[in-house]
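What follows is a single structure, written as structure tokens, with notes after it.
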There are 2 protein chains.
Amino acid sequence: MSIENEADIDAADHTPRMAARRQAMIDAAAAVFFEQGFERASLSAIVRRSGGSLSTLYQLFGSKEGLFEAMVTQRCAEIMEPLTAPHLPDQCPRETLTRIARGLMGVLMDPEAQGLWRMVMGEGIKFPRLPEIYFRCGPDPLQAAMIRYLGELHERGVVQCPDVGSVVNAFCGMIQSDLFYRTVTGMRPIPAAEEIERHVQKVVDLFMRIIAVGAASSEHVPGHAPHQKGGHQHQ
Amino acid sequence: MSIENEADIDAADHTPRMAARRQAMIDAAAAVFFEQGFERASLSAIVRRSGGSLSTLYQLFGSKEGLFEAMVTQRCAEIMEPLTAPHLPDQCPRETLTRIARGLMGVLMDPEAQGLWRMVMGEGIKFPRLPEIYFRCGPDPLQAAMIRYLGELHERGVVQCPDVGSVVNAFCGMIQSDLFYRTVTGMRPIPAAEEIERHVQKVVDLFMRIIAVGAASSEHVPGHAPHQKGGHQHQ
DNA sequence: TGAAAACTGTAATGTACGTTACATTATCCT
DNA sequence: AGGATAATGTAACGTACATTACAGTTTTCA
């Protein structure tokens, strides 16, 4: 039943009319799921929004979870498309990193992307496919591209990245800061473009200090801890 | 009705027996809510776990949301207690920051704290009280303490923080990296202590480069004038 | 000890929703 | 055009659950 069912589903939108319905339903599902969460979202509400009928919905997607996964699969790719191909060969590193940071913030501050993020983090434990799809569409390619980019700069001696992976993680973590958390939880409204830009600049500023060629390498530097009481555990 | 009801609720656990029930119910609620999410969690399941009866639950908490809020209020404080009073006056900055980072990672990797985090991020939009309580118990005091600490070090000239707020955000963001996201979504198991420690060291390493006194202060053109091509200011 | 109050267990109520069944209407192809 | 097929609208079914009602049981305390 399950296999046959899935075959039916894949073959179901052969006519152009049905393909349009399918897309309308996915759009409506995105709106309702992102706003209400999976459990709270009702299929009737989705159909009310999309037009068509419950019968058609079941014919196309088989179940609530089927519709959900179809929607997430499609939306993930669309929403995070700007992250998958950042313009890497560019001006000076600072300019390129600023561009990447802007792109990342653009996605992080997009209302629909925030809805997706909320679902991935909140319900990912219950739907393992959800974080799978999410990471494959967004963080994975972005990190890979940045690692390639910074690794090359490091080899050319333009910047200094002792551990490229950690450095990339630091960059992404710095972008995704308090500002984002308070926005995605609804504690504060989505900030204006200029505040976003200010944050981008701050992050790139700090990040440049991490990868600056002249920076003290990450050795333990006791030089600036003059007055310390006796040694303490460091294990 | 609402006011009278709340008064009743507050006055309801006067007997020691009832206070114990109340705690048992909060404990059970934490387990079930964190595992299932608010909508999915059923009050019967909670009562089955806590002992007592549905009647008592309603007498104590008034509603599902009442129980939820009571649970979150209590658990937030307990879970994030390690963050509110980090041992700031300490050895060298590096050692102190390492200690803070370990504390933060300890909370972030605690299964119950991850359940709480999932709810705050996933359902915070639907329950504004949730992020309110969360931020007040966790991030707010931690950030305040770190700002105080780093600000003082900066004035003493031990470290260099052009903008303490941003620097603190960077620190917290770096800690809360990919490792955390993949753990909290269930994509990977909670890492072993030594991997956590490795991450802590990496983060502190990179962070020390940000606040190192000798670092090139990345002053670039102030104001938000867009970057002109070819404007190299570093190398 | 015994009555009042507190507590518990079970069942009932109302509702919301996922899913399915079916009768009706629109669309397509020859 | 006209029959086969696709698509729709409506309603029914079963279930799960928050919430309430109530009758029975335990605890409290004078």
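Within every chain, numbering begins at 1; the chains are lettered A, B, ... in the order of the sequence lines, protein sequences first and strands thereafter.
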Practice task
Please state how far atom CZ in Arg48(A) lies from atom P in dT8(D), giving the value in whole angstrom units.
Solution key: 17 Å
Problem - Backbone N/O of Phe38(A) and side chain of Glu123(A): donor-acceptor pair under 3.5 Å - result: yes
Practice task
Sequence neighbours left out, what passes side-chain contact (heavy atoms from CB on, under 4.5 Å) with Ala45(B)? Give chain and number order.
Solution key: Ser42(B), Arg48(B)
Practice task
To the nearest Å, give me how far apart CD (Gln59(A)) and P (dT5(D)) are.
Solution key: 14 Å
Practice task
Would you please name every residue forming a side-chain hydrogen bond (donor to acceptor under 3.5 Å, both in side chains) with Ser166(B), sequence neighbours left out?
Solution key: Asp163(B)
Handout entry: Phosphate OP1/OP2 of dT8(C): any Arg21(B) side-chain N/O under 4.0 Å
Key = yes
Problem - Polar side-chain atom of Lys202(A) near backbone of Gly165(B) as donor-acceptor pair, under 3.5 Å - result: no
Exercise for the section: Quickly work out the Phe68(A) CZ to dC17(C) C1' distance and round it to whole Å. Expected result: 17 Å
Problem - Gln114(B) side chain reached by Phe180(B) side chain, heavy atoms, under 4.5 Å - result: yes
Practice task
Find the distance Leu57(A):CG to dA6(D):C1' and express it as a whole number of Å.
Solution key: 16 Å
Exercise for the section: Take Glu152(B) and Arg148(B) through the salt bridge (charged side-chain N to carboxylate O under 4.0 Å, His left out) test and state the conclusion after the steps. Expected result: CA-CA 6 Å; Glu152(B) 195 194 329; Arg148(B) 220 178 314 121; over 6 Å; no
Under-3.5 Å N/O pairs linking protein and nucleotides 14-19 of chain D:
unit_1  : atom_1 : unit_2   : atom_2 : d
dA18(D) : OP1    : Ala41(B) : O      : 3.0
dA18(D) : OP1    : Lys64(B) : NZ     : 2.8
dA18(D) : OP2    : Leu43(B) : N      : 2.9
dT19(D) : OP2    : Tyr58(B) : OH     : 2.5
dT19(D) : OP2    : Lys64(B) : N      : 3.0
dT19(D) : O5'    : Tyr58(B) : OH     : 3.0

Practice task
Examine dT8(C): is either OP1 or OP2 under 4.0 Å from a nitrogen or oxygen in the side chain of Thr56(B)? Give yes or no.
Solution key: yes
Handout entry: Whole-Å distance separating the CG atom of Leu67(A) from the C1' atom of dC17(C)
Key = 15 Å
Exercise for the section: Mind calculating the distance between CZ (Phe61(A)) and P (dT19(C)) to the nearest angstrom? Expected result: 14 Å
